[in-house]
There are 2 protein chains.
Amino acid sequence: MGDERQIFETYLKAHELHLTQPRETVLKAVFATHEHFTADELIAHLRTLGTPVSKATVYRTLALLSECRLLIEHDFGLGRKHYEHASDLEHHGHLYCTDCGQIVEFYDARLNSLQDRISRQEGFEPAQFVVKIYGRCARCIEKMRRAPQVGGA
Amino acid sequence: MGDERQIFETYLKAHELHLTQPRETVLKAVFATHEHFTADELIAHLRTLGTPVSKATVYRTLALLSECRLLIEHDFGLGRKHYEHASDLEHHGHLYCTDCGQIVEFYDARLNSLQDRISRQEGFEPAQFVVKIYGRCARCIEKMRRAPQVGGA
DNA sequence: TTGCCTGCAAAACCTTTGCATGTAA
DNA sequence: TTACATGCAAAGGTTTTGCAGGCAA
């Protein structure tokens, strides 16, 4: 978490912005765990911690953290964004279960070489690589087997 | 476009739904091209064609077409969904330029084997495989070289 | 002291929903 | 004839913005 703070401070200085107390509160909470989270969850968590930060400021801070590449915004098509640490993104992607909504991470060392090869081909300068597989997780496949839905095709 | 119509009709019949005129209008417009589009763009396009369909019906029809796997919903984190033909999805992913918003497709035969391998590993039954690379496109890299931004890191 | 930052509430945005009317089968 | 579908407008949920007062540097 020392790294993140330093990167954030450097970014703020470079843009003549301030490291305020609310921003520091958000920074700490965000990098205290490695969980995915939504803006709303973070706002609730901060309230629980006894260090509430307003909705507007949380959104503004998340935008800053995404701009300086400390956070990645994910969108699973649910109408709200999920955030995760950019440093956690290397070599991994997400499996999203369309039945129960569970998000499972998977690791594959070949993802990065894939990203590089494709970006080079297209003349792209890659910043983020996002791999998602939508489908049904093992648990829901099993559940389905025991109690099949009508019209399940 | 014959295929899509048949698949849609079969799906509607199986669920005791009707193939109405507005649904047919949407179906035709959607499968007339292979472009990505948003709901809003489609609504505007239908108006231009002289065959307007209401917002509510367009959204409802897009949901149906996604349910029967004729369309894929994409989310590039812009607050609105992009749709594309499911049949176009094989072996390809998207490069999204964070500067100009351009979306470039890339093809790589290895994507499908990657999906299969990962899904098997995790016990997933895959339905959609989404690969996105966010970054800067060749044109914007060039533009940037000629007129660098302040604080451009 | 200066200009950025905060929090509140209102606005904006895309998408969904309730309801009376219209229409496929 | 019966149920499903349409269109309008209003509601819904998340994210953004305007503004007056507060704070970092």
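Per chain, numbering begins at 1; letters A, B, ... match sequence-line order. Nothing here was measured: the structure is a model prediction, and the numbers come from that model.
Placement of B:Leu78 and B:Val131 in two distinct hydrophobic clusters is found when ILVMFWY residues are connected by side-chain heavy-atom separations under 4.5 Å, directly or transitively.
Straight-line distance from the CG atom of A:Leu62 to the C1' atom of C:dT6: 15 Å, rounded to whole Å. Here the P atom of nucleotide D:dG13 and the CZ atom of A:Phe76 are 22 Å apart, to the nearest Å. In this structure, A:Glu73 atom CD and D:dT14 atom C1' are separated by 13 Å, rounded to whole Å. When the P atom of D:dT14 is taken as reference, atom CG of A:Leu42 falls 14 Å away, rounded to whole Å. Rounded to whole Å, atom P of D:dG13 lies 16 Å from atom NE2 of A:His82. As a whole-Å value, the separation of B:Arg47 CZ from D:dC8 C1' is 13 Å. Rounded to a whole Å, the NZ atom of B:Lys13 is 17 Å from the C1' atom of D:dA5.
The ring-ring contact (aromatic ring centres under 6.0 Å, His included) analysis of residues 114-134 of chain A, with sequence neighbours excluded, yields the pairs A:Tyr96-A:Tyr134. Legend: ring-ring contact (aromatic ring centres under 6.0 Å, His included) pairs involving residues 34-63 of chain B, not counting sequence neighbours, sorted by first then second residue: B:His34-B:His85, B:His36-B:His94, B:Phe37-B:Tyr83. Contacts classified as side-chain hydrogen bond (donor to acceptor under 3.5 Å, both in side chains) and involving residues 69-81 of chain B (residues at least two apart or in different chains) are given here: B:His74-B:Glu84. Applying the salt bridge (Lys or Arg N to Asp or Glu O under 4.0 Å) test to pairs two or more places apart or on separate chains, none has a residue in residues 35-61 of chain B.
Under the side chain to side chain donor-acceptor pair (under 3.5 Å) criterion, B:Glu125 pairs with A:Arg136, not counting sequence neighbours. Partners of A:Thr25 by side chain to side chain donor-acceptor pair (under 3.5 Å), not counting sequence neighbours: none found. In this structure B:Glu67 satisfies the side chain to side chain donor-acceptor pair (under 3.5 Å) test together with B:Tyr11, sequence neighbours excluded. Partners of A:Arg110 by salt bridge (charged side-chain N to carboxylate O under 4.0 Å, His left out), not counting sequence neighbours, listed by chain and number: A:Asp108. Residues satisfying the side chain to side chain donor-acceptor pair (under 3.5 Å) test with B:Glu122, not counting sequence neighbours, are none.
End-to-end axis angle of the helix from C:dT1-D:dA25 to C:dA25-D:dT1, using five pairs per end and rounding to 10°, comes to 40°.
In the set C:dC5, C:dG7, D:dT6, C:dC5 carries the atom at the smallest distance from any side-chain atom of A:Arg23.
Other residues, nucleotides and ligands place no more than 12 heavy atoms under 6.0 Å from the CD atom of A:Gln21.
Taking for each of B:Thr57 and B:Glu16 the nucleotide of DNA chain D with the nearest heavy atom, the 5'-most of the two is the partner of B:Glu16.
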What N/O pairs connect the protein and nucleotides 11-15 of chain C at under 3.5 Å? Give each pair on its own line.
unit_1 : atom_1 : unit_2  : atom_2 : d
C:dC14 : O3'    : B:Gly79 : O      : 3.4
C:dT15 : OP1    : B:Lys81 : N      : 3.0
C:dT15 : OP2    : B:Tyr59 : OH     : 2.3
C:dT15 : O5'    : B:Tyr59 : OH     : 3.4

Tell me, for nucleotides 19-25 of chain D in 5' to 3' order, what letter each nucleotide earns: B for a base near a protein heavy atom under 4.0 Å, S for only sugar-phosphate near one, - for neither?
-----BS
